[in-house]
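Here the structure comes first, spelled out in structure tokens, and everything after it is commentary.
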Number of protein chains: 2
Amino acid sequence: MAEQEGGKRGGIDPAGRSAVVDLIAVLVAVTAGEPRVMTLDGGRALPSGPFELAHRSLQSGLRDWVEQQTHHPLGYVEQLYTFADRDRGAGPAAARVISISYLGLTREEVGRDSAQGWRSWYDYFPWEDWRSGPPAVIEKVVAPALTVWAETGSAERRHRVALAFGLGGNPWNEDLTLQRYELLYEAGLVAEAQQPRADEQGSGVPGRAMLADHRRILATGIARLRAKIKYRPVVFELMPPMFTLLQLQRCVEALGGRLVHKQNFRRLVEQQELVEETGETAAETLGRPAKLFRFRHAVEVERAIAGTKLPLIRS
Amino acid sequence: MAEQEGGKRGGIDPAGRSAVVDLIAVLVAVTAGEPRVMTLDGGRALPSGPFELAHRSLQSGLRDWVEQQTHHPLGYVEQLYTFADRDRGAGPAAARVISISYLGLTREEVGRDSAQGWRSWYDYFPWEDWRSGPPAVIEKVVAPALTVWAETGSAERRHRVALAFGLGGNPWNEDLTLQRYELLYEAGLVAEAQQPRADEQGSGVPGRAMLADHRRILATGIARLRAKIKYRPVVFELMPPMFTLLQLQRCVEALGGRLVHKQNFRRLVEQQELVEETGETAAETLGRPAKLFRFRHAVEVERAIAGTKLPLIRS
DNA sequence: CAACTTATGCTCAAAGTGAGTATTGTCATG
DNA sequence: CATGACAATACTCACTTTGAGCATAAGTTG
């Protein structure tokens, strides 16, 4: 089916059947209540590099590139998505490039030279941060522009816009980050959608642009992470070994871009036995001192058991 | 970063930076209460083919291959996973192949010449069907063999086995299909794990083998589908336009490999307003005639709104 | 000490779930 | 034509899980 390629160098490829494969990382940390993503090139690109024969696997290839480019170790990693759209790559004459993207979770290391690359992901998606209420940018810029665009389309298009951005009485759903970005792209409101000139923001919407489809990949990562923290205890990959429940809450809020009910959040965390007390208490500056907790790693296995939602029968 | 490849033929590749990319489909239908998967080569392979420059996108490339190989139209499609493990491909001297896998959902078309390829997925994973209680094959073959293997490893290995296969009082979790297959592979109990001889089943566990890593990809598809029907109304892609609630239930049971509580299942379906009455009733053979329902396509958009699980605050 | 800020405890009602029991239509059959 | 067999539907009931608050407790700062 596929011709063999034995050695270190590939052969001629008459059928156009081989492609360049890029590995791209969305590396996330939460620091000081801000969700941050590792970038290169002045914030315009995600860490990435081609998959090479020398790499043992996709993941190890990714690890090599990220650690080489950012000098930051890669912890928890999961695959995100594989993209290969033609007109969505690096310019009009782009080669056929396949982008295999990964989501990585870590913590920022203080005093590292990697400190340069971290940026708040809300720099790229200002409309995604609802922690201080509905972002003004939506009402002032995004909604009007999208509404104009939607008017020129079908009713279904208007419906998609209303649903994704919580317009017309619809509730906001933080998990739709990717759909929102894709809508803005379709509407030509993000810089990446303007083929020729890459840098001018023009008639677009606020939010930093990135090279090629990196911002789309970032949106994919955010969406995945926002969805995942709800059913898998992955937040802890972003926390220090010991933390207070408020710190944990702030982390979740940073990721979700929404505030949560403090008491109910604690109830949830405790009843699910996600954490255990360390016995120590935090040396805070303000308020009653909080107990310090640590993640109960045991739940990672226990949680594998859960999962269902169908009205099963016992027997 | 990546060298340009202009025309129909690729160039020399000194850095080993280009790879062959295969597109692989797990095409599923449910017929007569059995979950079935489309296969080729006498049930030993999934539909697949290389991604070529001529393809507009990964999905369209996949569609081309599947429709050409199976003469069956492809409906709902979603990406599954991208594999590229070295020692897991087509034999020891395998080229570096990247497999991008997709899950497709359809219905079998009667009287099609594509009818050949459909097989029950439980032919490949007999231990996954719990609809008539715990499969004998687990108690008789799988559990003993895995226990022997686990004894030779760490306590953590024993724990993984117990969890994945519901041993030692652990509950069965139908979503762990992939983990179970991977454990069996690790333990050398599936034919694919024996490098040299491919066909002899020998000391292994019952269940049909497949070429290369196709069975692993099938397991990935099953796991994804089992998980997904719980939070997204995808079952309906597998149903005819009109159906009774019992037919719907049988379909869900076929996929999950477990029986569900009839009354509660109906309550769930109705309270979520997934279906609406057609007014007609089924011309059954047995029992009180059932109302025929159709899927409320409106929920596909409505459902996009749902999704949360965090204890949000209103404000 | 008063004012502030955060940590924790508790309550309450509304929904959602797991497991059954009871009743109602139809068809096939002795 | 009464009786089963087999499903479709209706309802119950006891919990559990959530969404929203109210009320205290325990430090820090001026």
Side-chain angles (χ1 to χ4, degrees), chain A residues 32-33 171-174 229-231 242-253 256 258-294 303 305-315, chain B residues 33 171-174 230-231 242-253 256 258-294 303 305-315:
Chain A
W172 175 259
N173 181 349
E174 67 277 5
I229 53 172
K230 286 161 195 159
Y231 63 95
M242 299 205 307
F243 47 83
T244 69
L245 293 183
L246 185 59
Q247 285 166 350
L248 183 63
Q249 180 183 344
R250 294 287 178 241
C251 180
V252 167
E253 290 175 334
R258 320 190 64 169
L259 300 179
V260 308
H261 182 114
K262 188 195 265 201
Q263 296 93 322
N264 291 348
F265 176 76
R266 288 154 171 278
R267 177 172 66 186
L268 197 80
V269 169
E270 282 167 359
Q271 89 183 9
Q272 296 197 160
E273 300 184 293
L274 295 173
V275 299
E276 62 192 5
E277 296 188 13
T278 62
E280 301 175 56
T281 89
E284 296 277 310
T285 28
L286 228 57
R288 171 174 170 177
K291 289 181 190 161
L292 282 169
F293 293 83
R294 79 168 66 87
R303 198 48 55 85
I305 305 182
T308 188
K309 208 69 198 296
L310 293 179
L312 292 180
I313 217 158
R314 32 140 229 173
S315 135
Chain B
W172 175 258
N173 180 347
E174 67 278 3
K230 286 159 196 161
Y231 63 97
M242 298 205 307
F243 48 83
T244 69
L245 293 182
L246 185 60
Q247 285 165 352
L248 183 63
Q249 180 184 342
R250 294 286 178 243
C251 180
V252 168
E253 290 174 335
R258 321 190 65 170
L259 299 180
V260 308
H261 183 115
K262 188 195 264 201
Q263 297 92 320
N264 290 349
F265 177 76
R266 286 152 173 278
R267 178 173 65 186
L268 198 80
V269 168
E270 282 167 0
Q271 91 185 7
Q272 297 198 160
E273 301 184 293
L274 295 172
V275 299
E276 63 192 4
E277 297 188 12
T278 63
E280 302 175 56
T281 91
E284 296 278 308
T285 28
L286 229 56
R288 172 174 170 180
K291 289 180 189 162
L292 282 169
F293 293 83
R294 78 168 67 88
R303 199 48 55 85
I305 306 182
T308 188
K309 210 65 196 297
L310 292 179
L312 292 180
I313 217 157
R314 32 143 225 172
S315 129

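These numbers come from the heavy atoms of this one structure, side chains and all, not from hydrogens, waters or symmetry mates. So you know, we letter chains A, B, ... as the sequences are listed, proteins then strands, and number each from 1. Because the structure is a prediction, the values reported are computed rather than measured.
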Next item on the list: Determine whether B/T244 and B/L292 make a side-chain contact, defined as any pair of heavy atoms from C-beta on separated by less than 4.5 Å.
Entry: yes

Checklist line | Rounded distance (Å) that lies between atom C1' of D/dG19 and atom CZ of A/F265 | finding: 16 Å

Next item on the list: Rounded off to whole Å, could you give me the CG-to-P distance for the A/L246 and C/dA7 pair?
Entry: 4 Å

Next item on the list: Would you kindly check whether a donor in the side chain of B/R267 faces an acceptor in the base of C/dG16, or vice versa, at under 3.5 angstrom?
Entry: no

Check: What is the distance from CD of A/Q271 to C1' of C/dT8, rounded to the nearest Å?
Finding: 16 Å

Next item on the list: Can you tell me the distance, in whole Å, between the CD atom of A/E270 and the P atom of C/dT8?
Entry: 8 Å

Item checked: Any donor-acceptor N/O pair, B/E277 side chain to B/K291 backbone, under 3.5 Å -> no

Next item on the list: Using atom CZ of A/F293 as one end and atom P of C/dT6 as the other, report the distance to the nearest whole Å.
Entry: 17 Å

Note to self: Is there a side-chain contact between A/K262 and A/R266 in this structure, where contact means two heavy atoms from C-beta onward sitting under 4.5 Å apart?
What the structure shows: yes

Note to self: Whole angstroms only, please: what is the CG-P distance between A/L259 and D/dG19?
What the structure shows: 15 Å

Next item on the list: Can you sort out the partners of B/E273 under side chain to side chain contact (heavy atoms under 4.5 Å, CB included), two or more places apart, ordered by chain and number?
Entry: B/R296

Check: Taking the side chain as C-beta and beyond, is there a heavy-atom pair between A/E253 and A/R250 under 4.5 Å?
Finding: yes

Check: Starting at CG of A/L268 and ending at P of D/dT18, how long is that distance when rounded to a whole Å?
Finding: 7 Å

Checklist line | Side-chain heavy-atom pair B/L245, B/E270 within 4.5 angstrom cut-off | finding: yes

Next item on the list: May I ask you to say what A/L245 touches in the nucleic acid, namely base, sugar-phosphate or nothing, with a heavy-atom cut-off under 4.0 Å?
Entry: nothing

Check: Base, sugar-phosphate, or nothing for B/K262, non-hydrogen atoms under 4.0 angstrom?
Finding: base

Next item on the list: Rounded to the nearest angstrom, tell me the gap between atom NZ in B/K291 and atom C1' in C/dT26.
Entry: 16 Å

Check: Can you find a pair of side-chain heavy atoms, one from B/Q249 and one from B/V252, that are under 4.5 Å apart?
Finding: no

Note to self: With a 4.5 Å cut-off on side-chain heavy atoms, are B/F293 and B/L274 touching?
What the structure shows: no

Notebook entry, point to check: Any donor-acceptor pair under 3.5 Å linking the side chain of B/R258 with the backbone of A/L310?
Noted result: no

Check: Does anything in residues 272-279 of chain B reach DNA chain D, meaning a heavy atom under 4.0 Å, and if so which residues?
Finding: none

Close N/O contacts between protein and nucleotides 20-25 of chain C (under 3.5 Å):
unit_1: C/dG20; atom_1: OP2; unit_2: A/R314; atom_2: NE; d: 3.1
unit_1: C/dG20; atom_1: N7; unit_2: B/H261; atom_2: NE2; d: 3.3
unit_1: C/dT21; atom_1: O4; unit_2: B/Q263; atom_2: NE2; d: 2.7
unit_1: C/dT24; atom_1: O2; unit_2: B/R288; atom_2: NH1; d: 2.9
unit_1: C/dG25; atom_1: N2; unit_2: B/R288; atom_2: N; d: 2.4

